[in-house]
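Comments concern the structure below.
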Amino acid sequence: MKPSSIAVCEHCDAVHRRVHLAPRARAHCIRCGTVLYTERRRHLDGWLALTIASAIAYLVANLNPIVEIQLRGESTQASLFQALSATWYSGAEPVAALAALCAFVFPLVRIGLETVVLAYLQLGRRPPALRAAMHTLVHIRPWSMVEVFMLGVVVALVKLGGETTVIPGPGLAGFAVLTVLLTILASFDPDTLWENAERATP
Amino acid sequence: MSHDPHAMLTARELGVLGCPICGMVCRAAPQGVDVECPRCGQALYARKPNSIARTWAFLVTAILLYIPANALPIMRTKTLFDDRQDTIISGVLALWRAGSWDLALIVFVASVVVPLAKIAVLVVLLLSVQLGWVTGRRRRTRLFRLVEWVGQWSMLDIFVVVLMVALVQFSTLARIDPGPGAAAFGAVVVLTMFAAQAFDARLIWDAAEGSLHDD
């Protein structure tokens, strides 16, 4: 058997012969049930369009206040950056740093790298530092937590909703759209990127 | 050798290595020779090096920090009439009393059930591998996948604190500050995620193979 014709289960080490899958189908390990590989080939241009859309949603989400609250004539508002700096200056620097990495830095790196890699491939060229980019994308995946942050916003708003007037800002819509786009992007199989990179001129 | 209904040819027996980063499969080298993935450059191992010791190290640290994470307040609310310190549990109870039982349930699951269940499952998985359990391999692998997937949702309370601190800053009426429990809780979430990443689920299946060969 040629190594390229087999798939190895990452969770139980069982060897499977690769088969051609129907569009959007997933191959599961017959021994332990883990997903082996998927057939989610996308055209690069559609994929690139989605990463650019998520870059725009990211900007809208971060440059605008997420929410404004009013209490007896006084009002405050917070964008993600204001929330992080308020936490930092109230003495919880580790908490602010952790939240900054998971909600701000890693999603930015993820969107940026994916956009650059796809833009090069779309032009038929092998992206520079492709290996480092792909490694980074795999490693930061579990730490990029836009969807968890989104749920955190909902919980915070309900907690505040009882005693204050809550006015959603454009940043909230930005985060909602970003959550949806990143969830779609996460379902794409990076194998497509490697295959295109191998065909591309260096 | 007894018959194992789950017996399958493994990559180790076949002499190949799957890349954990890009999924490519390539031939293993003789023992002691390092192999790099030809496609992405990742160093390849048949099993994650020192998986059990590293998982225990992250897990024990997480268990120790779990105590201050729950005992110390994660949020301090000061109003004109009140100065209240909330732990994770008292925050859940406050949501419950405010009538949002659905959100109270979500926060309770994300902040209390998930971290505890993750720690418990990883302890059971480690012990099962070290004691060489043969039963329930498929079920244990499924538990591990669940732990891997669910990990990041425990960060929920950290984001809630960060937002509340920024929003509730009314000069005289009310202000919220983060408490020392928040950093400990964040550390628990990060450490349990590291522990899950350090664990090698293939060991669950190796243990079974070993004991079957001994029969």
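First the proteins, then the strands, lettered A, B, ... as listed; each starts at 1.
Only the side chain of B:V16 comes within contact range of chain A, with at least one heavy atom under 4.5 Å from a heavy atom of that chain. In this structure, the portion of B:I106 lying under 4.5 Å from any heavy atom of chain A is its side chain and not its backbone. With a threshold of 4.5 angstrom between heavy atoms, B:V189 does not approach chain A through any atom at all. Looking at A:E198, the atoms closer than 4.5 Å to chain B (heavy atoms on both sides) all sit in the side chain, from C-beta outward. Proximity to chain B (any heavy atom under 4.5 Å) is shown, for A:E74, by both the backbone and the side chain. If you measure heavy-atom distances from A:L84 to chain B, the contacts under 4.5 Å come from both the backbone and the side chain. Of the two parts of A:S144, only the backbone, made up of N, CA, C and O, holds a non-hydrogen atom closer than 4.5 Å to a non-hydrogen atom of chain B. For a residue to count as touching a neighbouring chain, one of its non-hydrogen atoms must lie under 4.5 Å from one of that chain's; by this rule B:A11 touches chain A with backbone and side chain alike. Interface remark: B:C26 contributes backbone atoms only to the contact with chain A (heavy atom separation under 4.5 Å). In this structure, chain A has a heavy atom under 4.5 Å from the side chain of B:Q197, while its backbone stays farther away. Looking at B:F144, only its side chain comes within 4.5 Å of chain A, counting heavy atoms on both sides. With a 4.5 angstrom heavy-atom cutoff, A:I30 touches chain B via backbone and side-chain atoms both. Neither the backbone nor the side chain of B:R142 comes within contact range of chain A; no heavy atoms are under 4.5 Å apart. Only the backbone of B:C37 comes within contact range of chain A, judged by heavy atoms closer than 4.5 Å. Heavy atoms closer than 4.5 Å to chain B are found in both the backbone and the side chain of A:T34.
Between B:W153 and A:L151 the shortest heavy-atom distance is CZ3-CD2, 3.8 Å. Minimum interatomic distance between A:L98 and B:M155 (heavy atoms only, all atoms of both residues): CD2-SD, 3.8 Å. Across every non-hydrogen atom of B:L156 and A:G152, the tightest pair is CD1-N, 3.3 Å. Annotation for B:P178 and A:A92: closest pair CG-CB, 3.4 Å, computed over non-hydrogen atoms.
Aromatic pair A:W143/B:F194: ring centres closer than 6.0 Å.
Distance check, rounded to the nearest 0.5 Å: SG of A:C12 to CZ of B:R140 gives 12.5 Å. B:C40 contributes atom SG, which lies 7.0 Å from atom CZ of A:R131 (distance to the nearest 0.5 angstrom).
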Q.
Between B:V168 and A:L160, does the side chain to side chain contact (heavy atoms under 4.5 Å, CB included) criterion hold? Intermediate values first, please.
A. CA-CA 9 Å; B:V168 186; A:L160 295 168; 3.3 Å; yes
Q.
I'd like to know whether A:F149 forms a side chain to side chain contact (heavy atoms under 4.5 Å, CB included) with B:L163, so could you lay out the CA-CA distance, the side-chain angles of the two residues, the decisive distance to 0.1 Å, and finally the verdict.
A. CA-CA 10 Å; A:F149 178 73; B:L163 283 158; 4.1 Å; yes
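Annotation: maximal heavy-atom pairing with chain A below 4.5 Å, among B:T141, B:V165, B:V162, occurs at B:V162. When each of B:M193, B:E148, B:M24 is checked for heavy-atom pairs under 4.5 Å with chain A, B:M193 comes out on top. Most heavy-atom pairs under 4.5 Å with chain B: of the set A:V95, A:V67, A:I66, this distinction falls to A:V95. For the options B:Q169, B:Q42, B:M164, B:R39, heavy-atom pairs under 4.5 Å to chain A are most numerous at B:R39. For the options A:E10, A:H135, A:R72, heavy-atom pairs under 4.5 Å to chain B are most numerous at A:H135. Between chain B and the residues A:G161, A:A99, A:P94, the largest count of heavy-atom pairs under 4.5 Å involves A:A99. Residue with the most contacts toward chain B among A:S90, A:S79, A:S75: A:S90 (heavy-atom pairs, distance under 4.5 Å). Looking only at heavy-atom pairs under 4.5 Å with chain B, the residue among A:V138, A:V158, A:L71 that has the most is A:L71. The candidate with the highest count of non-hydrogen atom pairs below 4.5 Å against chain B, out of A:C32, A:C9, A:A86, A:A156, is A:C32.
Using modelled atom types, one side-chain atom of B:R138 and one backbone atom of A:R31 make a donor-acceptor pair closer than 3.5 Å. Within the 3.5 Å criterion, the main-chain N or O of B:R202 finds no donor-acceptor partner in the side chain of A:H11. Judged by distance alone, the side chain of B:Q152 and the main-chain N or O of A:P142 form a donor-acceptor pair under 3.5 Å. In this structure, A:D13 contributes its side chain and B:W205 its backbone to no donor-acceptor pair below 3.5 Å.
The environment of A:Y37 atom OH is dense: over 12 non-hydrogen atoms of other residues, nucleotides or ligands sit within 6.0 angstrom. Residue-environment remark: CD (A:Q70) exceeds the threshold of 12 foreign heavy atoms within 6.0 Å. The environment of CG in B:D83 is crowded: more than 12 heavy-atom neighbours from other residues, nucleotides or ligands sit within 6.0 Å.
A side-chain contact (heavy atoms from CB on, under 4.5 Å) with B:L167 holds for exactly one of A:V166, A:T164, A:I69; it is A:I69. In summary, of the residues considered (A:L157, A:V155, A:V153, A:V154), a side-chain contact (heavy atoms from CB on, under 4.5 Å) with B:V160 occurs for A:V155 alone.
Under a 4.0 Å N-O distance rule, the pair A:K159/B:D86 does not qualify as a salt bridge.
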